Amino acid sequence: MDKENKERPLRLFIAVRLPDELKSVLERWREAHQHLYPFKKWTHREDYHITVQFLGDVEPERVPAIAEKLNLNFESA
């Protein structure tokens, strides 16, 4: 990664992945109904998730500390 890109803020969020079975159900619904809702671009099936918290633009050097806090909180839950 070049220096210019490394210093750019990253747009981050905390999300929960969906089970494949639910992704399949949602994808079938999308295929059956997308003609009724003409979005410019539909989300790809593999990107389906539930956003828990949007963090916004985060400086790259803060990412390890955020990840560590998330891991600690997840392990203690």
Side-chain angles (χ1 to χ4, degrees):
M1 181 181 307
D2 62 45
K3 184 175 177 151
E4 182 180 318
N5 286 335
K6 188 176 184 181
E7 295 176 1
R8 276 193 204 155
L10 302 169
R11 183 150 287 207
L12 300 181
F13 59 92
I14 300 166
V16 176
R17 291 183 180 150
L18 299 177
D20 286 338
E21 183 177 325
L22 181 53
K23 287 180 184 181
S24 295
V25 169
L26 292 170
E27 182 68 6
R28 286 192 300 273
W29 183 93
R30 183 198 58 80
E31 289 170 350
H33 295 87
Q34 74 180 23
H35 68 282
L36 299 172
Y37 307 100
F39 294 110
K40 184 174 182 179
K41 181 180 176 189
W42 283 82
T43 302
H44 187 273
R45 175 191 189 283
E46 292 307 314
D47 293 333
Y48 292 164
H49 65 272
I50 297 172
T51 299
V52 177
Q53 178 72 47
F54 179 68
L55 302 177
D57 293 331
V58 176
E59 297 302 321
E61 63 269 9
R62 294 186 60 206
V63 172
I66 293 169
E68 183 179 344
K69 286 285 189 183
L70 287 170
N71 284 330
L72 288 174
N73 287 330
F74 183 74
E75 289 171 1
S76 66

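We number each residue from 1, following the sequence as shown. Predicted, not measured: the structure shown is a model, and the values here were computed from it.
Identified under the salt bridge (Lys or Arg N to Asp or Glu O under 4.0 Å) test for residues 26-35, with sequence neighbours left out: Glu27-Arg30. Contacts classified as salt bridge (Lys or Arg N to Asp or Glu O under 4.0 Å) and involving residues 35-53 (residues at least two apart or in different chains) are given here: Lys23-Glu46. Here salt bridge (Lys or Arg N to Asp or Glu O under 4.0 Å) pairs that include residues 9-20, with residues two or more places apart or in two chains, are Arg11-Asp57.
Cluster annotation: Leu22 and Trp29 are assigned to distinct hydrophobic clusters (Ile/Leu/Val/Met/Phe/Trp/Tyr, side-chain heavy-atom contacts under 4.5 Å, transitive).
Taking CZ of Arg8 as the start and CD of Glu59 as the end, the distance is 12.0 Å to the nearest 0.5 Å. The distance from atom CG of Leu26 to atom OH of Tyr48, rounded to the nearest 0.5 Å, is 6.0 Å.
By the ring-ring contact (aromatic ring centres under 6.0 Å, His included) test, His35 pairs with no residue at all, sequence neighbours left out. Legend: residues meeting side chain to side chain contact (heavy atoms under 4.5 Å, CB included) with Leu12, ordered by chain and number and at least two apart, are Leu10, Leu55, Val58, Val63.
For Pro60 against Pro9, the heavy-atom pair with the smallest separation is CD-CA, 4.2 Å. Across every non-hydrogen atom of Ala15 and His49, the tightest pair is CB-CD2, 3.6 Å. The two atoms that bring Tyr37 and Trp42 nearest to each other are O-CZ2, 3.0 Å, heavy atoms only.
Hydrophobic cluster membership of Phe13, counting Ile, Leu, Val, Met, Phe, Trp and Tyr whose side-chain heavy atoms lie under 4.5 Å apart directly or via other members: Phe54.
Residue Glu21 places its CD atom among 12 or fewer non-hydrogen atoms of other residues, nucleotides or ligands, all under 6.0 Å distant. Crowding of His44 atom NE2: a count of heavy atoms from other residues, nucleotides or ligands under 6.0 Å not exceeding 12.
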